[in-house]
Amino acid sequence: MVLNVLFGAGLNERAVEIGMLMEPAKEYLEQSALRQLPHPFPYTRRSRARATRQELDRIVDAEMQRRRAAPSAASSDLLDTLLAARGPDRLTDAEIRDQVVTLIGAGYDTTTSSLSWATLRAASDPDVWQRLRTEADEVLAGELGPTTVPRLVYAGAVVRETLRLHPAGVFSPRQAVRDVQSARS
Ligand code: HEM
């Protein structure tokens, strides 16, 4: 979905391959801080992440070249916007590639794991599951539009509680500047 929404069908066709190429970077980032220290050694998680990043760069480069060779007036996604930028907004190819890889990395595992946790937690509690179903039946029965999502009030609360219990993106931690207490305790 991330690939499709941000970068259209061209990269989405290679979603499975791109997903597999993101895995070594994830494995590398999920190690302890000490093991993440930069080094040039081969046959390590870092060297695998380096190699798959180069592979990803080649895929993004090929997509940029394809679009430059045959610009499409029909569609315009984020990659088209980055490529079309002129003047002070213009990015180098390396910067565009970094943006694309960052957005895929930031948008792919966060949403996947958050949705998986939300489904698991809700399905584990019959009351929660039933309230979600009732609300969905009511709200989604009508015409869908910009007001649909805000009206899914209970689903919104389930998502927020899921993100509180199972926050995605935990490898850039913050330290609270003052003590906080959970509303439940
Ligand atoms: C459930 C979904 C998501 C969660 C829980 C989540 C969580 C986070 C967290 C915790 C950070 C780090 C913030 C910081 O430490 O400064 C972050 C940053 C970021 N996220 Fe997400 N994210 C989600 C979805 C997405 C999606 C779908 C995209 C893009 C399509 C995205 C793009 C980014 C980017 C670009 C940054 C870096 C922002 C910056 O500091 O420049 N995220 N996200």
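Each residue takes its place number in the sequence, starting with 1. Worth knowing before you read on, the calculation uses all heavy atoms, side chains too, and leaves out hydrogens, waters and symmetry mates.
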- CZ/R58: more than 12 non-hydrogen atoms of other groups inside 6.0 Å: yes

- Item | Cation-pi, Y28 ring and R45 (6.0 angstrom, 45 degrees) | no

- Message: Minimum heavy-atom separation for T162 and V158, please, with both atom names.
- Response: OG1-O, 2.7 Å

- Item | D125: partners by salt bridge (charged side-chain N to carboxylate O under 4.0 Å, His left out), with sequence neighbours left out | none

- Query: For the residue pair A136 and L152, what are the closest heavy atoms and their distance?
  - Reply: CA-CD2, 4.4 Å

- Item | Common cluster, Y154/V159, ILVMFWY with side-chain heavy-atom separation under 4.5 Å | no

- Message: Taking atom CZ as the centre, does R35 end up with more than 12 heavy-atom neighbours from other residues, nucleotides or ligands that are less than 6.0 angstrom away?
- Response: no

- Spatial distance of atom CD (E161) from atom CG (L165) [nearest 0.5 Å]: 4.5 Å

- Task: Quick one: pull up CG in L82 and CD in E95 and give me the separation to the nearest 0.5 Å.
- Result: 10.5 Å

- Query: To the nearest 0.5 Å, how far apart are CG in D61 and CD in Q65?
  - Reply: 6.5 Å

- Item | CZ (R48) with more than 12 external heavy atoms under 6.0 Å | yes

- Item | Main-chain N/O of L115 paired to T119 side chain as donor or acceptor, under 3.5 Å | yes

- Message: Please check: side-chain N/O of R46 versus main-chain N/O of H39, any donor-acceptor pairing under 3.5 Å?
- Response: yes

In a table with atom names and distances, give each donor-acceptor pair under 3.5 Å that connects a side chain of residues 5-24 to protein atoms at least two apart or in another chain.
unit_1: R14; atom_1: NE; unit_2: E17; atom_2: OE1; d: 3.0
unit_1: R14; atom_1: NH2; unit_2: E17; atom_2: OE1; d: 3.3
unit_1: R14; atom_1: NH2; unit_2: E17; atom_2: OE2; d: 3.1
unit_1: E23; atom_1: OE1; unit_2: K26; atom_2: NZ; d: 3.4
unit_1: E23; atom_1: OE2; unit_2: K26; atom_2: NZ; d: 3.2
unit_1: E23; atom_1: OE2; unit_2: Y108; atom_2: OH; d: 3.2

- Task: Spell out, yes or no, whether L140 and L132 are grouped together once hydrophobic residues are joined by side-chain heavy atoms under 4.5 Å, including indirect joins.
- Result: no

- Hey, does the side chain of Q36 reach the backbone of L29 with a donor-acceptor pair shorter than 3.5 angstrom? yes

- Item | Shortest non-hydrogen separation from A85 to D89 and the atoms involved | CB-O, 3.6 Å

- If you measure from CD on E135 to CD on E138, what distance do you get to the nearest 0.5 Å? 7.5 Å

- Query: Are any non-hydrogen side-chain atoms of S116 and L120 less than 4.5 angstrom apart?
  - Reply: no

- In chain order, what residues pass the salt bridge (charged side-chain N to carboxylate O under 4.0 Å, His left out) check against R50, with sequence neighbours excluded? none

- Item | Pairing of R67 and E63 as salt bridge, 4.0 angstrom limit | yes

- Between R68 and D93, is there a side-chain N and carboxylate O pair less than 4.0 Å apart? yes

- R86 CZ: over 12 foreign heavy atoms closer than 6.0 Å: yes

- Short N-O contact, R53 and D57, less than 4.0 angstrom: yes

- Item | Connected via hydrophobic side-chain network under 4.5 Å: M1 and V149 | no

- Query: Side-chain heavy atoms under 4.5 angstrom apart, residues restricted to Ile, Leu, Val, Met, Phe, Trp, Tyr: same cluster for I96 and L3?
  - Reply: yes

- M64 CE to L79 CG distance, which is reported to the nearest 0.5 Å: 7.5 Å

- Item | Donor-acceptor pair, side chain of E30 and main chain of E27, under 3.5 angstrom | no

- Is a side-chain donor or acceptor of S114 paired with a backbone partner of T111 at a separation under 3.5 angstrom? no

- When hydrophobic residues are tied together by side-chain contacts of less than 4.5 Å, even through go-betweens, does L83 share a cluster with V101? yes

